[in-house]
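A note on names: the letters A, B, ... follow the listed sequences, proteins ahead of strands, and every chain is numbered from 1.
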Amino acid sequence: MTKLNSRQREAVHYIDGPCLVLAGAGSGKTSVITRKIAYLIQQCELPARHIAALTFTNKAAREMKERVSSLVKGTAARGLTVSTFHNLGLNIIRREARILGYKPGFSIFDAEDARALLKELMLKDGEMDKDHLDLVQHQISTWKNDLTTFEQAEAAAVSQAEKTIARVYQRYNQALRAYNAVDFDDLILIPVHLFQANPDVLTRWQRKIRYLLVDEYQDTNSSQYLLVKQLVGSSGALTVVGDDDQSIYAWRGARPENMSLLKQDFPQLRVIKLEQNYRSTSRILRVANHLIAHNPHEFDKALWSEMGLGDPIRILRCPNEEAEAERVAAEILTDRIRHQRKFRDYAILYRGNHQARLFEIKLQQHQIPYRISGGSSFFAKTEIKDVMAYLRLIVNPDDDNAFLRVINTPRRQIGTSTLEVLGQYASERHISLFAAAQEIGLQSYVPEKNVERLQRFTQWLTQVARNCAGDNPVSAIHSMLTDIDYEGWLHQNATSTKAAEKRMENVHYLIESLQKSLDKSADDNEDEETRIEDAIAKLVLRDLLERQEEEDLSDQVQLMTLHASKGLEFPHVYMVGLEEDLLPHRNSIEDNNIEEERRLTYVGITRAQKTLCMTLAGKRKQFGDIADTTPSRFLDELPAEDIEYEGFGESSPEKNLAKGEETISSLLSMFD
DNA sequence: AATCCTGGAGTTTTT
DNA sequence: CTCCAGGATT
């Protein structure tokens with residue numbers, strides 16, 4: 001899209017104050033952000049290093065960077081910040097580590113690390129079972145996202161249980177401190193607290209970031225919004241782009257009300273709506289608009305397009321989930337041939353990952369190539385976690401979590417009793433496990449043989465760390481892996497040789513990424529020395545780890561959750577499982593979260609460019625037995641005149657629907 | 001240290 | 001029904 005429409009142009013050119021761009025699905029919001037960055041650099045002559053754009057995912061940041069550099073010629077775009085919130089937070093903490101009291105090389109705990117730590121803390125406390133673990137972890141995360149300190153949490157606690165969780169929260173934070181570690185939520189929270197306590201530091205950052213742009217603003221949580229407010233200060237140099245109708249992450253702390261909050265916090269806010277859609281047919285948009293109109297709205301918005309009326313939306317009711325999958329697979333097969341389309345033109349979207357299974361089987365049966373996105377991530381793989389733990393320990397010996405993961409991987413004949421004593425020794429002296437393992441005093445508590453083993457380990461690792469500090473850290477890491485014969489360990493543990501080879505390949509890929517990260521920061525980091533610490537920290541945030549994007553080249557049907565589909569588009573979309581308890585999901589019905597489920601459905605519908613087909617199964621096997629299903633209430637909220645129904649009874653549904661009264665549920669009760 | 005057994009859950013997910 | 005985690009058992 002080379003030409004901007006008048007609304008888009010207004011959004012790009014308006015720089016006299018804070019600006020909220022209400023960008024409907026497919027309205028070219030990324031264009032607006034990238035063009036605005038180019039405009040600021042080229043027309044307003046604002047140096048790129050004073051501009052920052054924030055996204056939620058690395059992928060979005062990467063794409064935005066690419067698009068900006070294709071718009072801005074030469075070196076003018078150098079120094080531009082396009083990063084995720086978390087990456088910006090990481091940079092701030094790294095730069096201000098001294099003030100904050102973190103040693104360089106601090107660790108970043110992901111959700112799993114945090115969970116392991118919490119588990120330990122709660123076990124020491126006694127009587128806390130696994131149920132609580134999830135709850136506590138979630139609660140602490142919520143508190144952090146809402147900027148609630150443990151003092152506030154404790155003061156606000158009404159029940160004994162809440163008081164207990166608040167205390168775990170306190171001890172959890174203390175433990176993180178002791179390990180020289182931060183968790184994901186801290187990456188935002190710590191900068192916010194820093195800026196609150198040190199106005200001069202904030203001023204420094206405000207001078208650095210003179211214009212701020214935020215993508216997917218409806219997904220910000222409270223602490224992220226506060227960070228934005230702090231950085232913008234009174235300058236009003238802010239553009240945010242978002243769509244309240246596509247807010248589907250409230251369950252992980254997103255506050256869509258941050259959009260209306262913006263109006264209060266910045267009274268001079270200019271609101272610009274982008275309603276022209278460049279993706280879908282009018283029919284698809286009509287259906288989407290009709291559905292979302294059932295939600296209350298702060299900002300009204302109606303999408304329209306010039307892409308033609310398009311085919312009616314089809315709603316298919318299949319006898320059961322097997323027939324549903326079969327039908328979709330068969331349709332894709334014949335439709336592709338008949339219309340000379342590609343497999344990659346089709347997407348199958350569902351609410352939950354487990355739904356993918358049946359479709360996978362059916363697609364395989366028909367020999368249809370497919371790709372499932374989502375599922376277990378690269379970083380969840382054990383071999384990656386192992387190697388990352390080694391890397392973390394090299395850089396930060398105080399990271400007890402990493403120590404515990406690594407100490408017996410591969411086996412070093414250090415038993416649980418030795419580790420228990422070591423842990424006690426360490427906590428009495430307020431030192432890390434690694435430090436404790438090196439102490440002479442340990443000999444009076446642990447058999448000599450075990451002390452030797454521990455010390456052999458710490459000495460070896462210290463040497464590895466020294467090697468890594470040299471000029472070829474990557475080769476130091478390679479020889480470390482050879483030292484421990486990690487490959488042999490993988491073969492020993494894997495179910496097959498092939499699996500072990502695959503795992504080793506993953507490890508090599510990880511190290512390659514590390515090398516790339518080091519090369520890159522050597523290239524464009526004028527100010528600071530290249531540090532392996534930084535590269536490892538970035539790896540934890542999955543930055544610089546471009547997943548092999550062969551998927552773009554290959555011709556495969558796309559399978560993914562509705563959540564994962566946000567921001568993408570497909571010519572032909574199948575949304576499956578439109579049943580009560582599935583979409584809307586049962587838990588959401590129970591928690592009265594129907595509006596978010598409706599938005600999720602809206603997101604799905606607006607992914608489609610040309611055709612959209614929604615399916616449901618009349619009977620579905622769940623939790624062992626087969627039950628009748630109820631069609632999703634959202635199907636009743638679509639305009640019947642744009643829809644073709646199939647499988648809802650013998651006689652023609654149009655006859656009934658002509659009256660415009662009948663809902664799917666009433667049709668069902670008539671004919672079933 | 002490895003394997004078997006039992007029980008409980010069974011949405012969405014990025015950083 | 002099916003999968004996983006964690007505990008118990010060998």
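- The F184(A) side chain lies nearest to dT15(B) when the options are dG6(C), dT15(B), dT12(B).
- K385(A) has a carboxylate O that lies under 4.0 Å from a charged side-chain N of D110(A), or vice versa, which qualifies the two as a salt bridge.
- Side-chain nitrogen and oxygen atoms of K119(A) include at least one within less than 4.0 Å of the OP1 or OP2 phosphate oxygen of dG6(C).
- Distances shorter than 4.0 Å separate some side-chain N or O of N58(A) from OP1 or OP2 on dT15(B).
- Salt-bridge annotation for R94(A) and E533(A): absent, with no side-chain N of the basic residue lying under 4.0 Å from a carboxylate O of the acidic one.
- Centre separation under 5.5 Å together with a plane angle under 30° does not hold for the ring of H563(A) and the six-membered base ring of dT12(B), so they are not marked as stacked.
- Checked against a 6.0 Å centroid threshold, the rings of F570(A) and Y346(A) do not count as neighbours.
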Scan nucleotides 1-3 of chain B against the protein and return all N/O pairs shorter than 3.5 Å with their distances rounded to 0.1 Å.
unit_1, atom_1, unit_2, atom_2, d
dA1(B), OP1, R411(A), NE, 3.4

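- For R351(A), taking side-chain heavy atoms from C-beta onward, the closest of the listed nucleotides dT13(B), dG6(C), dT11(B) is dT11(B).
- With C1' as the reference atom, dT13(B) and dT2(C) are 23 Å apart, rounded to whole Å.
- You'll find that the side chain of W251(A) is closest to dT13(B), out of dT11(B), dT14(B), dT13(B).
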N/O-N/O pairs, protein side and nucleotides 8-10 of chain C side, under 3.5 Å:
none

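- No side-chain donor-acceptor contact under 3.5 Å links N295(A) and Y602(A).
- Comparing D110(A) and L600(A) by the nucleotide of DNA chain B whose heavy atom lies nearest to each, the residue mapping closer to the 5' end is L600(A).
- Checking dT15(B), dT11(B), dT12(B) against every side-chain atom of T561(A), the shortest atom distance belongs to dT12(B).
- Note on N353(A): a side-chain N or O is less than 4.0 Å away from OP1 or OP2 of dT12(B).
- OP1 or OP2 of dT11(B) sits under 4.0 Å from a side-chain N or O of H354(A).
- Evaluation of the side-chain hydrogen bond (donor to acceptor under 3.5 Å, both in side chains) rule for R599(A) yields E596(A) as partners, not counting sequence neighbours.
- Distances from the side chain of R357(A) to the nucleotides dT12(B), dT15(B), dT2(C) place dT2(C) closest.
- Using a 4.0 Å cut-off between charged nitrogen and carboxylate oxygen, E579(A) and R620(A) count as a salt-bridge pair.
- One P atom belongs to dC1(C), the other to dT12(B), and the distance between them is 22 Å to the nearest Å.
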